[in-house]
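What follows is a set of notes on a single structure, which appears directly below.
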Protein chains: 2
Amino acid sequence: MAKKTKTSYHHGDLRQALINAAITLISEKGPNSFSLREVAKRAGVSHTAPYRHFKDKDSLLSAIALIGFQLLADRLIEVQAQYTSDPLRQFMEAEKVYVEVAVENPEVSQLMFGGYIPQEHCVGELAEVSQSAFQQLFVIIENGQKANVLKQQDTMELSLAAWSMVHGLSSLINSGQLLGHVETQQEVENITIKLGRLLFEGLKETSS
Amino acid sequence: MAKKTKTSYHHGDLRQALINAAITLISEKGPNSFSLREVAKRAGVSHTAPYRHFKDKDSLLSAIALIGFQLLADRLIEVQAQYTSDPLRQFMEAEKVYVEVAVENPEVSQLMFGGYIPQEHCVGELAEVSQSAFQQLFVIIENGQKANVLKQQDTMELSLAAWSMVHGLSSLINSGQLLGHVETQQEVENITIKLGRLLFEGLKETSS
DNA sequence: ACCTGAACACCGTTCAAGT
DNA sequence: ACCTGAACACCGTTCAAGT
């Protein structure tokens, strides 16, 4: 069974238990109404126990944002490893995966991009993983350029266009701006494909 | 002078004074650290006085978000009234104005799109003004289609592509994701123009 | 090492009371 | 009508104290 050498106080891994409780709480009530004390209560410890594992509330929020970026990066790495012989397909799949992940985790996405993490925390590991996610888009665009499917323009610019588009769509959906227009999962996928194609028309190599 | 018929308690217009103080406070400390009590203190009234003008904290935040959407809509209406004979120019100006407004008011933008306003408040006037801002993009795209400069595809899809792109770029900048890449106002404008051109390539009519 | 309880300064919100 | 002060239940954070 679990390797509990000694009769531990409350948890084998309180840190992980706190993160789990925090993600659940954020998913339930959004990143704005979220309290350290409530998380501690749900994890079954006193309200000061979290300070053994996190410097402060912001550090716990950063840890959750990190997990969000990690998930995004992982899913994009998968895409980047697949469809390598079909740059258009790879581009479209990346766009779909980005929006999918963001829309499936709206509250965590808002936590990641909504100004909840103070700028001081946006360095080190968090910045690295966030850049790793973007890096996958960059490589996918680069693949398309090498295959002469995409414009031979600054790769950064093309990547940023792709990132902005999917990120913007996700943000508009998650903030409720598209309530009358894009609601079901199917509608999300459809509009993502439509926008992906429109953007691809602008990014593609025209000499062919 | 000001029409002070009677010796009013503290303000001719406490409601407006509270909104002003709130915008200042949000701009200083972000939408996350923002308290009604601090706003009241800055306006020079007791911490319960705001309840005469706003049902609760969320109502004050909604009022500020409304002002943010109104500003965006107003600036886009200006663009929509200008350059009517040059659809490409009009499209590019609209993209620039959107990003400009968002990046000049990062904290208010995060308030508008970062999950600070509960879904219950996202109806009525707030939804109307928000839709009015989007409507301007829609009309601008429509102009381009009528002039046979843009694709004869569902106007909603083209508009949503434009909205997503500028909104995504703004959000990435404001959340600090592009810190190494896009920082100065000049860089923001340059990258906005670059992305605008790339998207335009995808939206433009190809039969001409 | 890991956790607790009391304490502090802060919140949002309500309500009886004052002019 | 407009504002106040006390009160309540909640915060984040610190710190001495317990095992």
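Below, read A as the first sequence line, B as the second, and so on, with proteins coming before strands; counting in each chain starts at 1.
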In which ranges does DNA chain C form stems of 3 or more consecutive Watson-Crick or G-U pairs, distances under 3.5 Å?
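As far as DNA chain C goes, consecutive pairing (with distances under 3.5 Å) yields the stems C:4-8 with D:12-16, C:12-16 with D:4-8.
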Just the rounded figure in Å: distance from [atom2] of [N] to [atom1] of [X].
X: K41(B); N: dG5(D); atom1: NZ; atom2: C1'; result: 16 Å
X: D13(B); N: dA1(D); atom1: CG; atom2: C1'; result: 14 Å
X: R15(B); N: dC3(D); atom1: CZ; atom2: C1'; result: 18 Å

Taking all atoms of both residues into account, what is the closest heavy-atom pair of [X] and [Y], and its distance?
X: S35(B); Y: L25(B); value: O-CD2, 4.0 Å
X: S170(A); Y: V99(A); value: OG-CA, 3.6 Å
X: V149(B); Y: P87(B); value: CG2-CG, 4.1 Å

Donor-acceptor pairs are to be reported for all side-chain atoms of residues 118-135 of chain A against protein atoms at under 3.5 Å, with residues two or more places apart or in another chain.
unit_1, atom_1, unit_2, atom_2, d
S130(A), OG, Q177(B), OE1, 2.7

Kindly list each side-chain donor-acceptor pair under 3.5 angstrom involving residues 153-165 of chain B, sequence neighbours excluded, with atom names and distances?
unit_1, atom_1, unit_2, atom_2, d
Q153(B), NE2, E157(B), OE1, 2.8
D154(B), OD1, M156(B), N, 3.0
T155(B), OG1, Q145(B), OE1, 2.7
E157(B), OE2, K194(A), NZ, 3.2
S159(B), OG, T155(B), O, 2.6
W163(B), NE1, Y98(B), OH, 3.1
S164(B), OG, L160(B), O, 2.8

Quick one: side chain to side chain donor-acceptor pair (under 3.5 Å) pairs with a partner in residues 16-28 of chain B, sequence neighbours left out?
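Residue pairs passing side chain to side chain donor-acceptor pair (under 3.5 Å), neighbours aside: Q16(B)-N20(B), E28(B)-R42(B).
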Tell me whether the OP1 or OP2 atom of dC2(C) has a side-chain N or O from H53(A) closer than 4.0 Å.
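So the side-chain polar atoms of H53(A) never come under 4.0 Å of the phosphate oxygens OP1 or OP2 of dC2(C).
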Please enumerate all protein N or O atoms sitting under 3.5 Å from an N or O of nucleotides 11-15 of chain C, with distances to 0.1 Å.
unit_1, atom_1, unit_2, atom_2, d
dC11(C), OP1, S35(B), OG, 3.2
dC11(C), O5', S35(B), OG, 3.3
dG12(C), OP1, L36(B), N, 2.8
dG12(C), OP2, L36(B), N, 3.1
dG12(C), OP2, R37(B), N, 3.0
dG12(C), N7, R37(B), NH1, 2.5
dG12(C), O6, R37(B), NH1, 2.9
dT13(C), OP2, Y51(B), OH, 3.0
dT13(C), OP2, K57(B), N, 2.9
dT13(C), O5', Y51(B), OH, 3.3
dT13(C), O4, R37(B), NH1, 3.4
dT13(C), O4, H47(B), NE2, 3.3

Hey, could you give me each pair passing ring pair (Phe, Tyr, Trp, His ring centres under 6.0 Å) that has a residue in residues 46-77 of chain B? Not counting sequence neighbours.
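Output for this query lists F69(B)-F113(B).
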N174(B) and S171(B) side chains, donor-acceptor separation under 3.5 Å
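Their side chains do not contain a donor-acceptor pair, so the 3.5 Å distance test is not met.
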